[in-house]
Engineer: 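Provided herewith is a single structure, encoded as structure tokens, for subsequent inquiry.
Atom set for the values below is all heavy atoms of this structure, side chains included, hydrogens, waters and symmetry mates excluded. Below, chain A is the first sequence line, B the second, and so on; all start at residue 1.
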2 protein chains.
Amino acid sequence: MNIENAQVQMRKGILEFCILHIISRGEVYASDMLDELTSAKIMVVEGTLYPLLTRLKNSGLLEYKWVESSSGPPRKYYVITETGLEFLTGMQATWVELSESVNTIIHKTEALKTSA
Amino acid sequence: MNIENAQVQMRKGILEFCILHIISRGEVYASDMLDELTSAKIMVVEGTLYPLLTRLKNSGLLEYKWVESSSGPPRKYYVITETGLEFLTGMQATWVELSESVNTIIHKTEALKTSA
DNA sequence: CCAAGTACCTTGTATCACAAAGTACCTTAC
DNA sequence: GTAAGGTACTTTGTGATACAAGGTACTTGG
């Protein structure tokens, strides 16, 4: 058990949430997503992103279309579906509740330190 | 793919963090932890908690001692180790960074909605 | 033609939460 | 003293997922 693995575990499921968020704003392809996740300091590699996109598509949360590129191979541009939007709403609520719960735990520890 | 599973995945690794936090405050046994997690609205079941405690102990982050109970079988009271405290500090930093990253993504979506 | 860059895909591994079923100890009531 | 019920801890098997590593395919420029 090391801290790197703990970080990986902590991020589980949250990537899915972030990807849905990004795609909900408009058409994007994988490299766009990687850029945004990187700038938000959420490191992801291709081997994680592509299977995740395929899962979301197979579940009906996303759709894509091929678009020719003027500088390289064609790209898959993703859009979110109606089902995907509903799912995103649910995940957003889960995220809010989860962070509130964690902060409850953290703040209780802080309160204890202060009173000691 | 359903929302329940997404919630499970989102919580991965975060339980570990919360457990370390709770134990860092002083000696507790499993039922104490379950009570606190429940009151923080983080649902956990025995089949999740006990293996987690064993993992943390085997990694040297926790220690325990048996304590006789006046009303039932003996209990394992856990305390955090020096290594566990260091680990907790690292996880706390990871949690803060992670929530900031996610909020960056979320707020960017909100900003887009507002400007539209 | 071929080297380099871009984009997408696949396989195998390690890890984890959970359900479900099981083991063991203690107290109470008869 | 023993049966029943509650408390506490444990184990096994399943499904899901992030990641590393390697692979396929298309395009452009020399």
Side-chain angles (χ1 to χ4, degrees), chain A residues 1-20 27-35 37-38 42-59 61-62 64-78 91 94 98 101, chain B residues 1-20 27-35 37-38 42-59 61-62 64-78 91 94 98 101:
Chain A
M1 176 167 307
N2 54 20
I3 192 72
E4 286 80 13
N5 181 49
Q7 291 171 338
V8 166
Q9 293 303 323
M10 224 183 234
R11 278 164 40 181
K12 282 215 177 193
I14 289 177
L15 271 177
E16 204 169 68
F17 174 48
C18 291
I19 292 293
L20 278 177
E27 295 180 358
V28 280
Y29 75 110
S31 289
D32 292 336
M33 304 178 211
L34 287 173
D35 288 347
L37 291 169
T38 300
I42 301 178
M43 294 304 163
V44 195
V45 293
E46 290 186 329
T48 299
L49 182 59
Y50 284 108
L52 195 161
L53 290 171
T54 303
R55 277 203 311 277
L56 295 174
K57 187 216 62 177
N58 290 341
S59 301
L61 308 183
L62 300 179
Y64 69 78
K65 59 181 179 190
W66 284 102
V67 175
E68 307 267 321
S69 167
S70 61
S71 64
R75 301 164 176 173
K76 272 187 177 178
Y77 274 83
Y78 286 88
M91 290 192 85
T94 299
L98 183 63
S101 294
Chain B
M1 175 165 309
N2 54 21
I3 193 72
E4 286 81 13
N5 180 50
Q7 291 171 338
V8 167
Q9 294 303 323
M10 224 184 235
R11 279 165 39 181
K12 283 214 178 191
I14 289 176
L15 272 176
E16 203 168 69
F17 174 49
C18 291
I19 293 292
L20 278 178
E27 294 181 357
V28 280
Y29 75 109
S31 288
D32 291 335
M33 305 178 210
L34 287 173
D35 288 348
L37 290 169
T38 301
I42 300 178
M43 294 305 164
V44 195
V45 293
E46 289 185 329
T48 299
L49 181 59
Y50 284 106
L52 195 160
L53 290 171
T54 303
R55 275 204 311 278
L56 295 174
K57 188 215 59 174
N58 289 340
S59 301
L61 308 183
L62 299 179
Y64 69 79
K65 59 182 178 189
W66 284 101
V67 175
E68 306 267 322
S69 167
S70 61
S71 64
R75 302 165 175 173
K76 273 187 177 176
Y77 274 83
Y78 285 89
M91 290 191 84
T94 299
L98 183 63
S101 295

Engineer: Could you tell me from which nucleotide to which nucleotide of DNA chain D, 5' to 3', there is an atom under 4.0 Å from chain B heavy atoms?
Structural biologist: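 The protein-touched segment is D/dG6 to D/dT17.
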Engineer: Remember a base hit wins even if backbone is also touched, and classify B/Ser31 as base, sugar-phosphate or nothing at under 4.0 Å, heavy atoms.
Structural biologist: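 It contacts sugar-phosphate atoms only.
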Engineer: Heavy atoms only: give me the nearest B/Ala30-B/Leu49 pair and the separation to one decimal.
Structural biologist: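 Closest pair (atom of B/Ala30, atom of B/Leu49, distance): O-CD2, 3.7 Å.
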Engineer: Mind listing the side-chain donor-acceptor pairs of residues 6-14 of chain A below 3.5 Å, one per line with the distance, residues two or more places apart or on another chain?
Structural biologist:
residue : atom : partner : partner atom : Å
A/Gln7  : NE2  : B/Thr94 : OG1          : 3.1
A/Arg11 : NH2  : A/Met43 : O            : 2.4

Engineer: For nucleotides 16-20 of chain C, print each protein N/O atom paired with a nucleotide N/O atom at under 3.5 Å, atom names and distance only.
Structural biologist:
residue : atom : partner : partner atom : Å
C/dC16  : OP1  : A/Asn5  : ND2          : 3.0
C/dC16  : OP2  : B/Arg55 : NE           : 3.4
C/dC16  : O2   : B/Lys12 : NZ           : 2.6
C/dA17  : OP2  : B/Arg55 : NH2          : 2.9
C/dC18  : OP1  : B/Arg11 : NH2          : 2.8
C/dC18  : OP2  : B/Thr48 : OG1          : 3.0

Engineer: Is the shortest side-chain heavy-atom distance between A/Leu53 and A/Met33 below 4.5 Å?
Structural biologist: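 A side-chain contact exists here, since the closest heavy-atom pair is under 4.5 Å.
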Engineer: Please encode protein proximity along nucleotides 23-30 of chain C as a string of B, S and -, counting only heavy-atom distances under 4.0 Å.
Structural biologist: --BSS---
Engineer: Who are the side chain to side chain donor-acceptor pair (under 3.5 Å) partners of A/Tyr77, not counting sequence neighbours?
Structural biologist: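 Applying side chain to side chain donor-acceptor pair (under 3.5 Å) to A/Tyr77 gives A/Arg75.
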Engineer: Write down the atom of B/Lys57, the atom of B/Tyr64, and the distance for their closest heavy-atom approach.
Structural biologist: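 Closest heavy-atom pair between B/Lys57 and B/Tyr64: CD-CE2, 3.2 Å.
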Engineer: For a 4.5 angstrom cut-off between non-hydrogen side-chain atoms, does A/Asn58 reach A/Arg55?
Structural biologist: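 Side chain of A/Asn58 against side chain of A/Arg55, heavy atoms only: no contact under 4.5 Å found.
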Engineer: Say you draw a straight line from CG of B/Leu61 to CD1 of B/Ile19; how long is it, rounded to the nearest 0.5 Å?
Structural biologist: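 One finds 12.5 Å between CG of B/Leu61 and CD1 of B/Ile19.
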Engineer: Mind listing the closest non-hydrogen atom pair of B/Leu34 and B/Val44 along with its distance?
Structural biologist: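 Heavy-atom minimum between the residues: CD2-O, 3.7 Å.
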Engineer: Quick one: salt bridge (charged side-chain N to carboxylate O under 4.0 Å, His left out) partners of B/Glu27, sequence neighbours excluded?
Structural biologist: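 Scan of B/Glu27 (salt bridge (charged side-chain N to carboxylate O under 4.0 Å, His left out), adjacent residues dropped) gives B/Lys65.
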Engineer: Decide yes or no for B/Leu20 and B/Leu62: does some side-chain heavy atom of the first lie under 4.5 Å from some side-chain heavy atom of the second?
Structural biologist: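 In contact.
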